[in-house]
Amino acid sequence: QVQLVESGGGLVQAGESLRLSCAASGIIDRLHSMGWYRQAPGKQRELVARITNGGSTNYVDSVKGRFTISRDNAKNTVYLQMNSLKPEDTAVYYCNLEFLFGGRIYWGQGTQVTVSS
């Protein structure tokens, strides 16, 4: 069993920044990637950013140059630095962990990010 605990969401004005954190606990001794997804009301959940054990990253085009995903393996924690926030970034952000082998996927509870104009 793996548990993901998120923090850092909140209400900010456009142009400001937030840093999301996700701490993972449990048996995490196999190759895995971690990522952040978001879901706005009435829209599908989308991948925002993903990072592998080796540190390779992927971003959705809409956040490239503004968001940065990173991880601290010693703390089993992944971060999402969100700069130059826009109203369209408003969504519930979910932390995700996917094992490379076995296909198991785990999700955090979600944290609300609201960006006002």
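Residue indices begin at 1 and follow the sequence shown.
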Let me confirm one number: the [atom1]-[atom2] distance from [X] to [Y], rounded to the nearest 0.5 Å.
X      : Y      : atom1 : atom2 : result
Ile51  : Ser56  : CD1   : OG    : 8.0 Å
Asn76  : Ser25  : CG    : OG    : 8.5 Å
Cys95  : Tyr106 : SG    : OH    : 13.5 Å
Gln109 : Thr111 : CD    : OG1   : 7.0 Å
Gln13  : Ser116 : CD    : OG    : 5.0 Å

(request) Might you work through the side chain to side chain contact (heavy atoms under 4.5 Å, CB included) test for Ser70 and Gln81, ending with a clear yes or no? (result) CA-CA 8 Å; Ser70 62; Gln81 180 66 45; over 6 Å; no
(message) Is the distance from the ring center of Phe67 to that of Trp36 below 6.0 Å?
(response) no
(request) Establish, yes or no, whether the cationic atom of Arg30 lies under 6.0 Å from the six-membered ring centre of Phe101 and within 45° of the ring axis. (result)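 Because its charged atom misses either the 6.0 Å distance or the 45° angle limit, Arg30 does not stack over Phe101.
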(message) I want to check a possible cation-pi pair here: Arg71 against Tyr79, using under 6.0 Å from ring centre and within 45° of the ring axis as the test.
(response) no
Between the main-chain N or O of [Y] and the side-chain N or O of [X], is there a donor-acceptor pair closer than 3.5 Å?
X      : Y      : answer
Tyr59  : Ile69  : yes
Glu6   : Gly110 : yes
Asn96  : Met34  : no
Arg38  : Val92  : no
Thr77  : Lys75  : yes
Arg104 : Leu100 : no

(request) I would like to know whether Arg50 and Ser33 meet side chain to side chain donor-acceptor pair (under 3.5 Å); could you show each step before the answer? (result) CA-CA 7 Å; Arg50 177 150 230 97; Ser33 64; 2.8 Å; yes
(message) Using the rule given for salt bridge (Lys or Arg N to Asp or Glu O under 4.0 Å), can you reason through Asp61 versus Lys64, listing the C-alpha separation, both sets of side-chain angles and the distance that settles it, and then say yes or no?
(response) CA-CA 5 Å; Asp61 286 343; Lys64 288 181 179 177; 3.0 Å; yes
(request) Check the pair Leu97, Ile105 against side chain to side chain contact (heavy atoms under 4.5 Å, CB included), reporting the backbone distance first and the verdict last. (result) CA-CA 6 Å; Leu97 185 153; Ile105 302 173; over 6 Å; no
(message) Just checking Gln3: does its CD atom have more than 12 heavy atoms from other residues, nucleotides or ligands closer to it than 6.0 angstrom?
(response)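 No, CD of Gln3 has 12 or fewer neighbouring heavy atoms, counting only those of other groups under 6.0 Å.
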Does the side chain of [Y] come within less than 4.5 Å of [X]'s, by heavy atoms?
X     : Y     : result
Leu4  : Val2  : yes
Leu47 : Val60 : no
His32 : Asn53 : yes

(request) Check each of Val12, Val63, Leu20 against Met82 using the side-chain contact (heavy atoms from CB on, under 4.5 Å) test, and report the only one that passes. (result)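 So, applying the side-chain contact (heavy atoms from CB on, under 4.5 Å) to Met82 and each of Val12, Val63, Leu20, only Leu20 qualifies.
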(request) Tell me, with the steps shown, if Glu88 and Thr90 meet side chain to side chain donor-acceptor pair (under 3.5 Å). (result) CA-CA 5 Å; Glu88 50 262 45; Thr90 295; over 6 Å; no
(request) Write down the atom of Ser17, the atom of Ser84, and the distance for their closest heavy-atom approach. (result) OG-N, 4.2 Å
(request) Take Leu80 and Arg19 through the side chain to side chain contact (heavy atoms under 4.5 Å, CB included) test and state the conclusion after the steps. (result) CA-CA 6 Å; Leu80 185 67; Arg19 190 192 194 202; over 6 Å; no
